[in-house]
Amino acid sequence: MRDAYDFKTIEQKWQKKWLSGRDFEVCENAEKQKYYALEMLPYPSGKLHMGHVRNYSLGDAVARYKWMHGYNVIHPIGWDSFGLPAENAAIRNNSHPEKWTLENIANMKAQCMRLGISYDWHREITTCLPEYYRWNQWFFLRMFERGLAYRKKGTVNWCNKCQTVLANEQVIEGRCWRDESEVEKRELEQWYFRITDYADALLQDLDQLKSWPEKVLIMQRNWIGKSEGARVRFLVEGLAGGIEVFTTRLDTIYGSTFLVVAPEHPAVPDLLRSHPSPDQARTEIQRYRSQQQTIREGSEAEKLGIFTGAWALNPFTQERIPVWIANFVLMEYGTGAIMAVPAHDERDYEFAKKYGLEIRRVIEPVETQSADLPFCGYGRLVNSGQFSGMESETALRKMFAFIREKGIGEQTATYRLKDWGISRQRYWGTPIPIIYCAQCGVVPVPDDQLPVKLPRVETIRLGVSPLATVPEFANVACPRCGKPGRREADTMDTFVDSSWYFYRYCDPQNSHMPYDPDKVKYWFPVDQYIGGVEHAILHLIYMRFFTKVMRDLGLVQWDEPVMNLFTQGMVTKDGAKMAKSKGNVVDPDHFIDLFGADTLRLFILFAAPPEKDLDWSESGVEGCFRFLNRIWRLFVRHEESIAQPSEKIDAADEDQKLMRKLHQTLHRVGNDLERFHMNTAIAAVMEFLNSLYDYEDSAANKNRFLLRDVFEKMALMLSPFAPHFAEEMWERLGHHGNISFQPWPKPDPAWLVEEQVEIVIQVNGRVRGKLFVPAGIDEQGCMDLAMRDKKVQGYLEGKTVRKVVYVQDRLLNIVVT
RNA sequence: GCCGAAGUGGCGGAACUGGCAGACGCACCGGACUCAAAAUCCGGCGAGGUUUACCCCUCGUGGGGGUUCGACUCCCCCCUUCGGCACCA
């Protein structure tokens with residue numbers, strides 16, 4: 001068994017070499033074209049799972065492939081190490097989150113090493129360390145100075161299980177993104193980032209992201225949710241200032257027969273003054289407000305409302321219309337008030353029917369004859385005063401002008417996107433660098449006092465912000481007046497950490513600045529970002545926002561940080577997401593022990609196209625192991641005779657055939673890699689190996705010169721997928737130096753040209769024969785050859801040829817009747 | 001409800017621009033080697049029909065229609081699955 005494929009020894013050997021040789025550590029080099037290969041930084045949850053393996057195998061294939069094309073590749077990794085699981089684990093084990101986190105990092109780092117990923121370890125970052133998070137605080141202060149970080153009291157999403165506030169992006173269908181428990185609404189004073197200032201920019205610049213998956217662009221577009229329309233003020237009897245509504249259908253305003261405000265609307269107390277029994281009304285409204293979010297939102301919920309007793313004036317018709325309060329109007333969207341047009345809106349229609357309110361048609365459909373209400377499309381205006389007879393499009397333009405002239409409203413857009421609430425009432429996060437002073441108010445911590453270090457809290461209790469329980473931390477002198485002040489006890493959302501980490505990789509040890517701008521300028525933008533599609537909204541919108549803020553602060557010169565995004569599919573088990581709680585987590589270590597990292601990496605890339613979900617099944621892993629073994633056996637058989645370069649030997653027919661196949665394979669593998677088709681790239685190498693075995697069987701005399709070439713190129717082709725294996729072969733072929741820095745083998749075009757091609761002969765579109773013809777033969781020549789074929793003749797007998805379709809080197813279709 | 005993606009052998013999947021459907025791998029079946037087994041190497045492997053030796057024919061990419069000499073691929077309708085948004089005014 002001397003020559004068996006000993007993956008354990010091979011993999012350890014090369015991992016050690018790469019590390020001690022600092023092979024993958026890079027620095028700026030103006031001479032060379034840079035390439036930034038980035039994978040989403042992992043949360044150190046304990047162990048790598050198959051999703052990580054997939055992510056890093058993809059990233060490594062890209063990085064190594066680019067190296068081989070001469071790029072100066074930066075390929076970093078780090079740890080997104082603040083967050084709740086660490087804190088929860090610490091509470092459970094009565095220990096400290098830092099201990100849990102750093103142990104996990106050590107563990108997962110060792111696993112990354114065992115996978116042999118080409119990371120530049122000297123750029124490793126750990127976001128829970130003060131050297132990193134001080135820059136979160138620094139960015140926060142810059143944003144505070146610009147009014148982009150602000151404090152306000154408002155309705156927040158509260159997760160009872162996590163005992164903290166969540167951002168809108170972290171609430172999925174009314175449930176916490178982490179533990180899926182129901183989210184409550186609470187009134188709290190919180191810190192926000194003014195991401196809505198960038199709503200338009202975030203939307204517009206999606207057009208720059210040409211190589212992002214369409215799916216992600218659509219999801220972001222939906223999330224930002226721009227609707228264009230107008231704000232219009234309705235006068236209300238006895239209410240100063242009236243009520244402002246937002247509508248996308250100003251063209252329907254003549255049909256607005258009542259007004260509806262949200263139960264939370266600030267005008268509600270005033271509106272109720274003319275109500276006959278205000279107490280009863282208040283009880284009813286309270287009922288709407290306390291309806292849980294998931295019940296209240298959702299079109300299947302019953303629409304409930306009451307008449308306030310107040311009357312408003314439709315500014316176009318000058319009619320008195322009643323003002324209602326109803327559960328289906330949301331305070332968070334638009335102005336929290338709507339002009340109801342029951343004839344042309346389904347919700348308003350349903351509501352009007354239920355409460356017997358007037359339904360007045362003001363739009364006639366142009367194309368259809370249907371007279372059914374509600375009619376929600378655009379059409380021609382009727383019963384609309386001076387605007388009657390116009391089509392919606394024209395009417396809208398004129399009506400926008402009208403409200404502007406009369407000073408009763410303006411054309412605007414409303415966004416679904418809300419400001420990003422970043423306060424978290426938890427311990428394991430970046431302290432917000434703010435001090436509250438009775439005299440000076442909200443005072444930022446001066447830059448020279450950064451970082452505000454996270455104090456040690458021995459026992460974390462839930463229900464209060466843990467930092468408030470540490471007197472040495474909480475009690476602090478006001479930096480402005482020196483009198484006793486109180487530190488902000490909330491910490492930042494962990495998504496702040498991951499919003500700019502890829503800048504820090506460019507200059508990870510800088511203690512004066514978040515990074516040296518020259519270094520960032522060299523490496524940016526990110527050329528290829530790879531990660532799970534689950535971040536399509538959360539992380540990928542926050543990170544875009546951060547870059548835009550940084551641009552406006554003069555810290556970077558571009559609008560977007562990432563040029564190309566690749567979203568990999570999930571790795572599932574029996575169709576379900578792998579999770580510790582489900583007990584269906586598959587441990588990569590097991591497979592590394594059994595077959596080696598190269599086999600595991602090869603398999604996870606081979607098993608499915610990378611963008612598709614992959615349901616994990618071990619059958620097939622062995623196939624990849626067999627594949628490597630098959631190469632190995634053949635290689636060992638010839639090793640001695642090909643270990644040194646030899647004289648060129650004239651190529652026999654078999655040799656030529658193999659040579660052609662080799663270059664075709666090089667061509668395919670290169671193409672597939674460019675398109676992220678790792679699975680077919682690997683399949684192409686497998687196919688080539690089969691041809692090599694055929695050669696082994698058929699060739700009487702093995703061509704040493706050719707075989708050496710073949711094994712060299714196979715090693716090079718395999719190196720992005722199975723780098724240890726490739727390195728070992730490369731070395732045994734007498735080469736020195738990391739194989740990932742060798743030039744990628746380009747196919748020789750001369751070998752890609754076939755002399756003979758097999759073309760298909762069709763009669764009336766059905767395959768009736770195959771023919772070897774000289775490549776590039778013209779239609780007539782091909783037709784002559786085809787006519788000589790007995791079978792084809794049989795099909796043509798007694799028929800008239802109507803038409804001949806000829807596709808060179810592909811097929812000949814004879815149409816007969 | 002709206003938007004998007006996908007449906008191909010027993011299984012994972014191939015077929016980029018319309019041109020031999022099922023590459024490659026798994027599983028399975030047969031042969032060689034072996035006392036035997038494993039491993040390995042060679043071969044077979046969509047369904048049906050006819051001969052039953054090759055050959056040949058028909059059907060076949062969720063269902064139905066269309067465009068075309070020719071459709072897994074393009075167009076229309078429907079079904080199913082997955083993902084996103086959702087009383088958004």
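Every chain is numbered from 1, with letters handed out A, B, ... down the list of sequences.
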Integer-rounded Å distance: B:A14 P and A:Phe676 CZ: 16 Å
Rounding to an integer number of Å, can you tell me how far A:Leu614 CG sits from B:C26 P? 16 Å
Integer-rounded Å distance: B:C87 P and A:Phe328 CZ: 12 Å
Considering only the C1' atoms, how many Å lie between B:C56 and B:C79, rounded to the nearest integer? 37 Å
What I want to find out is whether A:Lys226 reaches A:Asp200 closely enough, with some N-O distance under 4.0 Å, to be called a salt bridge. yes
With rounding to the closest Å, how many angstrom separate the P atoms on B:G62 and B:A6? 13 Å
I'd like the C1' distance from B:A15 over to B:C87, given in whole Å. 46 Å
For atom C1', what is the distance between B:G65 and B:G48, given to the nearest Å? 26 Å
Describe the nucleic acid contact of A:Gln762 in one word from base, sugar-phosphate, nothing, applying a heavy-atom distance below 4.0 Å. base
Listed pairs, N/O of protein and of nucleotides 56-60 of chain B, under 3.5 Å:
| residue | atom | partner | partner atom | Å |
| --- | --- | --- | --- | --- |
| B:C57 | OP1 | A:Arg768 | NH1 | 3.3 |
| B:C57 | OP1 | A:Tyr795 | OH | 2.6 |
| B:U58 | OP1 | A:Arg766 | NH1 | 3.4 |
| B:U58 | OP1 | A:Arg768 | NH2 | 3.4 |
| B:C59 | OP2 | A:Arg766 | NH2 | 2.6 |

Base, sugar-phosphate, or nothing for A:Val805, non-hydrogen atoms under 4.0 angstrom? base
How is A:Asp345 classified with respect to the nucleic acid when contacts are heavy atoms under 4.0 Å: base, sugar-phosphate, or nothing? nothing
Any luck finding a side-chain donor-acceptor pair between A:Arg231 and A:Gln411 under 3.5 Å? no
Quick one: A:Glu687 CD to B:G13 C1', roughly how many Å, whole number? 14 Å
Would you mind classifying the nucleic acid contact of A:Arg810 as base, sugar-phosphate or nothing, using non-hydrogen atoms under 4.0 angstrom? sugar-phosphate
Does any N or O donor sit under 3.5 Å from an N or O acceptor when you compare the side chain of A:Asn222 with the base of B:C85? no
Measuring to OP1 and OP2 of B:A5, would you say a side-chain N or O of A:Lys215 lies under 4.0 angstrom away? no
Using whole Å, what does the distance between atom P of nucleotide B:G70 and atom CG of A:Asn764 come to? 9 Å
Ionic contact status for A:Arg675 with A:Asp672, cut-off 4.0 Å: yes
Heavy atoms only, 4.0 Å cut-off, all strands: where does A:Asp615 land among base, sugar-phosphate and nothing? nothing
Ion pair present between A:Lys303 and A:Glu350, side-chain N to carboxylate O less than 4.0 angstrom? yes
Expressed in whole Å, how much space separates the C1' atoms belonging to B:C42 and B:C33? 11 Å
Ion pair A:Arg287/A:Glu284, N-O distance below 4.0 Å: yes
Ignoring hydrogens and angles, state whether a donor on the side chain of A:Gln170 or A:Asn157 is under 3.5 Å from an acceptor on the partner side chain. no
Does the side chain of A:Tyr288 come under 3.5 Å of the side chain of A:Glu264 through a donor N or O and an acceptor N or O? no
Contact nearer the 5' end of RNA chain B, comparing A:Ile682 with A:Ala607: A:Ala607
B:G13 versus B:G30 - spacing of their C1' atoms, nearest Å: 26 Å
With 3.5 Å as the limit, what N/O pairs link the protein to nucleotides 40-43 of chain B?
| residue | atom | partner | partner atom | Å |
| --- | --- | --- | --- | --- |
| B:U40 | O3' | A:Arg633 | NH2 | 3.2 |
| B:C41 | OP1 | A:Arg630 | NH1 | 3.1 |
| B:C41 | OP1 | A:Arg633 | NH2 | 3.4 |
| B:C41 | OP1 | A:Tyr693 | OH | 3.4 |

Between A:His638 and A:Glu696, do the side chains contain an N or O donor and an N or O acceptor separated by less than 3.5 Å? yes
Check this one for me: any side-chain N or O of A:Thr335 less than 4.0 Å away from OP1 or OP2 of B:A89? no
Partner set under side-chain hydrogen bond (donor to acceptor under 3.5 Å, both in side chains) for A:Glu228, not counting sequence neighbours: none
Gap between atoms CZ and P, on A:Arg802 and B:U68 respectively (whole Å): 18 Å
Nearest-Å distance, CZ (A:Phe606) to P (B:G13)? 11 Å
Does A:Asn679 have a side-chain nitrogen or oxygen under 4.0 Å from the phosphate oxygens OP1 or OP2 of B:A14? yes
Interatomic distance, A:Leu811 CG vs B:A71 C1' [rounded to whole Å]: 13 Å
Let me know, please, whether A:Glu758 or A:Gly623 comes out on the 5' side of the other along RNA chain B by nearest nucleotide. A:Glu758
If you take the centroid of each ring, where Trp contributes its six-membered ring, are A:Tyr355 and A:Trp324 closer together than 6.0 Å? yes
Would the base of B:C87 count as contacting A:Lys303 through its side chain, where contact means a donor and an acceptor less than 3.5 Å apart? yes
